[in-house]
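Have a look at the structure below, then the notes.
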Amino acid sequence: MLSKAAGAMIAFSGSIASMLFGFVAVGIFLLLSGRNPATIYTGIFTGAFGDTFCLSETLVAATPIMFCALAVAIAARLGLMNIGVEGQLLFGAIGSTYVALTMPETTPSWLMLLLMALSACVCGALFALIPALMRVFMDINETIVSLLLNYVAALTVEYLIHGPWQDPTTTSWPQTMAFPPCAEMPHLEGSRVHLGLLVALIIGFLLMLVLHSTKFGFKAKVIGSNPQAALYAKYPLKRYLIVAMLLSGAVAALAGFSQVSAIEGRLRSGLSPGYGYTGFLVCFLAKHNPITIIVVSILLGGFLSGADSLQLSEKLPFATVNILQGMIFIFLLASENALKSWSEKLRLKLQAAEAS
Amino acid sequence: MLGNTALLADTEKQSIPLALELEFAGVSKSFASVLACDSIDLKIKGGGIHALVGENGAGKSTLTKMLAGFYQPTSGSLYLSGKEVVFNSAADARKHGIGMVHQQLALVPSFTGYENVLLGDERLSFALNKKVLEKKVAAKASELGFNLNLALPVSAMSIADRQKLEIFKLLWRDAKVLILDEPTSQLAPLEAEEILRLASDLAATGRIVILITHHLNEVISFARSISVLRKGQLVANVVADELSREELAGRMLEFDQTLPVKSQYVQSDISLLKLVDINTEATPGRRSLKEINLELKAGEVVGVAGVTGAGQIELAEIVAGLLKPESGKFYFENEDLKTLKKVSVGYVPSEQKQACAFELSLASNCFLKAVDGSGSFGFLNQSLLKKQAREIISYFKVTPALPEVSGQALSGGNLQRLIIGRELKSEAKIIVADNPSAGLDAFTSKRVRQEFAAFAKEGKTVLFISPDVDELITVCDRILVMFKGKIVGEQRAGEYDSQALALLMGGVENNSCLKMKVGNA
């Protein structure tokens, strides 16, 4: 048998290669605009992992990405492309904001946070139910529906913060009132790293367990691999697709909950600089594996927080890192087919070498 | 059809050199550590069908796929009319006039016959004049003796017509070497005969036609030369006329091919499943069934004969609990049931992709259906499932016998063994098998029939669907004949008459069918 390490290297060769290509391609643009890519990349790296403060900021950025990527992975396991995690994140934020603003300020913190999380999950799940039902009962592509619903979610947030939920004390800022202290998640001493990270990690490990060791995970895998065989084996296909989208929406919503509760302390626009889309990229770079998702989320969270500091030191627009992400995704999609035949050949060669 | 041969020979002489000869010189192919073809030396000449026979995994498909450019030989070379050729891709092979019709047909169902023929033809210019092209295609089809309605979409064509269309598609691209991979495994006897007759007409014009088949009768009646592969090696290469049928059978296969016809019908009183007045409506891809009445009793193997698309798949899915009828009643062990969804029924469908998730491991495929019964609190009992998987894999000697290997690593025949083994080992009292021997070698398909018979003897029952009447009469206690969604006849063991069954399959009142039968005799 092929050694596990070599097998994993081949499996992730596409992800690693597309990241390198992404850096090279963006590097060329930077060179053309008269910048030194080496300085900038070192800047991003030190900005991300340079010292304990940078590292903590990286973990802060990685948390919502992790939730979103895990949410994408749940749906992807059944062959569903849920690109609507961005919208589900926003609806999660709306759900927790409602609870934070309506519950009395004297509510014990644990109860407040629990209710906020529950409300977020329900809102995110219901928002994900729309593409799920359209897919299952009308055979409408869930990728397109969920993508378009992202705009609906973003505009719903805008409506709420400009309208009914706007902070009455300041009419110029489109944002809600600040949450009461009991609605704030506990932080790690002296940093912005919050409880959400721990929750995301637990969900990652739980997901791994569910996918690999339970009947639900097994059936989900069969449905994702060949729905026809699932029907043949009399699995409740429709129910599974709906449940998976509900779970996916709920997990994505936790990203929104942890952002408003731990980072922003209120609902405002610009809550997510595209965490949902970054999560989608992470999920594909990690090949839908929950444990790998945790690692890759931290890496891409590093890009985001590193680029944040570059904005100040190098006067580089934040969009640079969005371009980098976009390039990586393009190369990843291109590599899927190009690398398949190459990696298959390599695998056979290695197997042959080990057999002889 | 015979009249066309002379015409063909005249018109095609210029385009096909008479000296068309194909040679495999020491060709080997290995996949990782498995040697699929072991230094094959073989010459094939045009002018008559060359049959390629052997068990599952003997290397027939690998050998022909190297010729068609899908695989590249590990060592050895190919010669076409004396010149060495190297094919790096299927497109390369096509340029040299080599074409292959795969077991799983590669047509676009919603396109018409014309569109499928023209699809991907690299010689066409950017701007298409559909009418002119269609006229050209139609002219070529009638010139070559193809009796096809090319204006129909493929989804409306019979399986036999689709098979013909695939062959014609290759000829439209001026193929000189045709490889047919089990073209008749899905066809009823009369349809099969027509395809093979067409193939030998084409070979008679000087083309090379390589026929991969498991049917000994086809080889004996239609092939001019025969080669036998066994475990990747060429063990015999003979001219068909040199040997008598019996000698040939002896040389070709190591075992006794002749099977006794089942001669006794044993009445049983224990009813397992009863269908009363079942009707279904036609849906895309599924025809309607009319007034199906069927009782399956403990201990019997019930055969279902019919031409492709006579309603066998629909009947199978009804019994397997996958298709909901419009009206009718079910009785399972004399209990009136609304639906068969909850009843455990083993099902071997005619299409493997319906019963397997190819990307998943063999072990996963083994416990596809058994997963609910294993483990508690929603968790999988991995060790129990793995143990069951190993049993299923060793039951019919699935190779490679590695539970963790992906289903894609298996040949069609080995997947079929896995599916049949899985269904036999399940707790089901009823098994529906739709053409289970398709893609299996003669030895394994005989073993499968024996296992089904033994399964029924345990007080269970098998609904055995096959287009091959000869196969049915060796294993079934009674045979039902389906025609256009209805059960039109039944014969019991002891009174089997394969001629009469063949007529029923074509619809008895169908005169043209009768005439054809007389004409052939």
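Labels below follow one simple rule: chain letters A, B, ... track the order of the sequence lines, proteins then strands, and each chain is numbered from 1.
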Search all heavy atoms of [X] against all heavy atoms of [Y] and return the closest pair with its distance.
X	Y	answer
B:Q382	A:S213	NE2-CA, 4.0 Å
A:S225	B:A357	OG-CB, 3.4 Å
B:L380	A:H212	CD1-O, 4.1 Å

A:N226 (side chain) donor-acceptor with B:F358 (main chain) under 3.5 angstrom: no

Taking CZ in A:F329 as the centre, count heavy atoms belonging to other residues, nucleotides or ligands within less than 6.0 Å. Is the count above 12?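 Enclosed.
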
Inspect the surroundings of NZ in A:K219 and state if more than 12 heavy atoms from other residues, nucleotides or ligands are less than 6.0 Å away.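 Buried by this count: over 12 neighbours within 6.0 Å.
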
Of all the residues in residues 232-246 of chain A, which have a heavy atom that comes within less than 4.5 Å of a heavy atom in chain B? A:Y232, A:A233, A:K234, A:Y235

What pairs with A:S258 under side-chain hydrogen bond (donor to acceptor under 3.5 Å, both in side chains), at least two apart in sequence or on another chain? none

For A:L231 and B:L322: C-alpha separation, side-chain torsions, deciding distance, then whether side chain to side chain contact (heavy atoms under 4.5 Å, CB included) applies. CA-CA 8 Å; A:L231 280 176; B:L322 300 174; 5.9 Å; no

For B:S437, enumerate each residue passing the side chain to side chain contact (heavy atoms under 4.5 Å, CB included) test, keeping only those at least two apart in sequence or located in another chain. B:S445, B:R449, B:E471

What are the residues of residues 385-395 of chain B, in order of number, with any heavy atom under 4.5 angstrom from a heavy atom of chain A? none

